Amino acid sequence: MSTFKYVLQKEFQQIRRNPTIVRMMLAVPIIQLIVLPFAADYEIKQLNLAVVDQDHSSYSRELIGQMTASGYFQLANYSSNFNEAMGAVERNEADLILEIPAHFERDLVREDGATLALHANAINQVKGGLSQLYAGQIIRRFNNQIRSEWVQWPRYSPVEMVKIEPQLWFNPHINYHLFMVPGILAVLITMVGSFLASMNIVQEKEAGTIEQINVTPIKKYQFLLGKMIPFWVMGMFSLTLGLVIAYVVYGIVSVGPLWVIYAFSAFYLAAILGIGLLISTFADNQQQATFVSFFFVMIFILMSGLYTPVESMPDWAKVIAYANPVTYMIQVVRGVMIKGAGFMDILPFVGIIGAFGIFFNALAVWRYRKTV
Amino acid sequence: METPVIQVRELTKKFGHFTAVDHISFDVHQGEIFGFLGANGAGKTTAMRMICGLLTPTSGKVDVLGLNIATQTDAVKRQIGYMSQKFSLYDGLTVRENVTFYGGIYGMGKDQLKLKIAELAEKLGLEDKIDHQVSSLPLGWKQKLAFLVAIQHDPKVVFLDEPTGGVDPITRRQFWELIYEAAERGITVFVTTHYMDEAEYCDRVCIMVDGSVAALDRPENLRHKMGKETMHEVFYQLARAAQRQE
């Protein structure tokens, strides 16, 4: 036991002296949580709209006014010539063309119907699709509005007998940050855990100090545990920093009890550190360790349901997602912070992550050899 | 006759088809300075790594202090010291932290460590550098420090793998004074080197050529037998027979 105390003391001393580790521990949470949710946003604003107005009527102006007033569009080009508008798209100045044909107002009034055309630039399909969708909504609203202006109200309203009133539970304003920030918190401690831990043993291999360790009577588990505990503490620290940022920057307060997140993270970090240690027993130098952990972390994050729901993945991908510890971490953090899940709700996940942890750590201890 | 401190029998290591160490046998006795000589690639580091339990032999047997290195590894490890070719202290830690760590894992207590640190600082003249990071020390001091750390837990045997590589002649001289001091305290020293002047300082030398023992005796006896003036000439004649290229 006293041996272990010295091992631990030395690991903490080394980390304290390593400015890169300390910087990474502070910079990663701050950058990931402040930059990513703002940049990686599904909602698209400020789409550039090119209008081909061949009508020049009060209705066409009204429609354009509603489009730009929505906040989704800004008028980038206004002409009465389609080629001019297309040129703007080609020059990347416009994302969507709204074509208002001549006699738009006349047809609308006299013929009881008029046609508009929307041309979206679909090089970025998400952007193209969303711009169509937003424009469609605005035009529909415009349509309803003018219809109700003309209608002589009968006893029963001819418009929209059945109206859908959407109720969005847990995230009523579809606040994107509320969805993304807890997910990024999970990614964050994954990265801190796996990268730092895998680098650490490899550093000893590179420096040659591991050979000195191997001739001493240190037990394998003592050595690996000594490597793990400091990074476990650091992971918990990063999590705390992340929760503080979530509150200060985004005003996100966990609905469920925070201790549940900490309790789960305690198990989760142990599992992730096990993966890091396992990688370091294979790698001979820091480049190898970095590349291998980068490869796994990349796959883990993309297959974890951070951006796309696991339920909509193909079956083979679901298998990977459920064999991926990050998936559970994201579900737990989101469940607790947004939905207010309690410890009993996440208990099955604790079991799964516990099993991951035992598996990876046992493999790491088994793989680590004091003799070659 | 008392049991030898190290007993090597038919020790062999193969890497694929390449036999790095080929059925070597020898004994090392209590308190002697045993020189293990050979050109680069002769197999001396491989042999030494097997003797101190860092490498699993392909065949053969090693007893250290009467204990089998393969089965009683931990018991052996508590009683040996080792200094590798690569610098084995933590560059980022201070002298005090390094000494504390290595002493601590051998079970030395706080008071004992305090005493050791003071003694070590005085011996090396490092009193004012004790709280400096090891990386700031010159190479010669680092090597001497690494040696003193390797023997601070009073091992019965210490293994030194080319401990004086890359240091100047004056430092080498000082280093050997430290080795003699350790031997006087009763520590058996097993040292590999390719400096032939250092071979003269050893009680007995074992010259490895192509993975086998080419000669083993006291330096003066070897010179006598082969009719040479210096160990350098002795070594040159033996090594010329080598088939292996580096």
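Given the structure is predicted, the values throughout are model-derived calculations rather than measurements. Below, read A as the first sequence line, B as the second, and so on, with proteins coming before strands; counting in each chain starts at 1.
Of the atoms belonging to B:Phe87, it is backbone heavy atoms, and not side-chain ones, that fall under 4.5 Å from chain A. Using a 4.5 Å cut-off between heavy atoms, A:Glu206 contacts chain B through its backbone alone, with no side-chain atom that close. Neither the backbone nor the side chain of B:Ile69 comes within less than 4.5 Å of any heavy atom in chain A. Of the two parts of B:Gln133, only the side chain, counted from C-beta on, holds a non-hydrogen atom closer than 4.5 Å to a non-hydrogen atom of chain A. If you measure heavy-atom distances from B:Met83 to chain A, the contacts under 4.5 Å come from the backbone alone. A:Gln13 touches chain B through backbone and side chain together, each having a heavy atom under 4.5 Å away.
For the side chain to side chain contact (heavy atoms under 4.5 Å, CB included) with A:Ile31, the qualifying choice from A:Val28, A:Ile34, A:Leu33, A:Val35 is A:Val35, the only one to do so. Test B:Lys86, B:Gln85, B:Arg49 against A:Glu211 for side-chain hydrogen bond (donor to acceptor under 3.5 Å, both in side chains) and you get one pass: B:Arg49.
Ion pairing between B:Lys144 and B:Glu181 fails under the 4.0 Å rule for side-chain N and carboxylate O.
Taking the side chain as every heavy atom from C-beta outward, A:Leu8 and A:Ile229 approach each other to under 4.5 Å.
Aromatic ring orientation, A:Phe356 versus A:Tyr328: tilted (interplanar angle from 30° to 60°).
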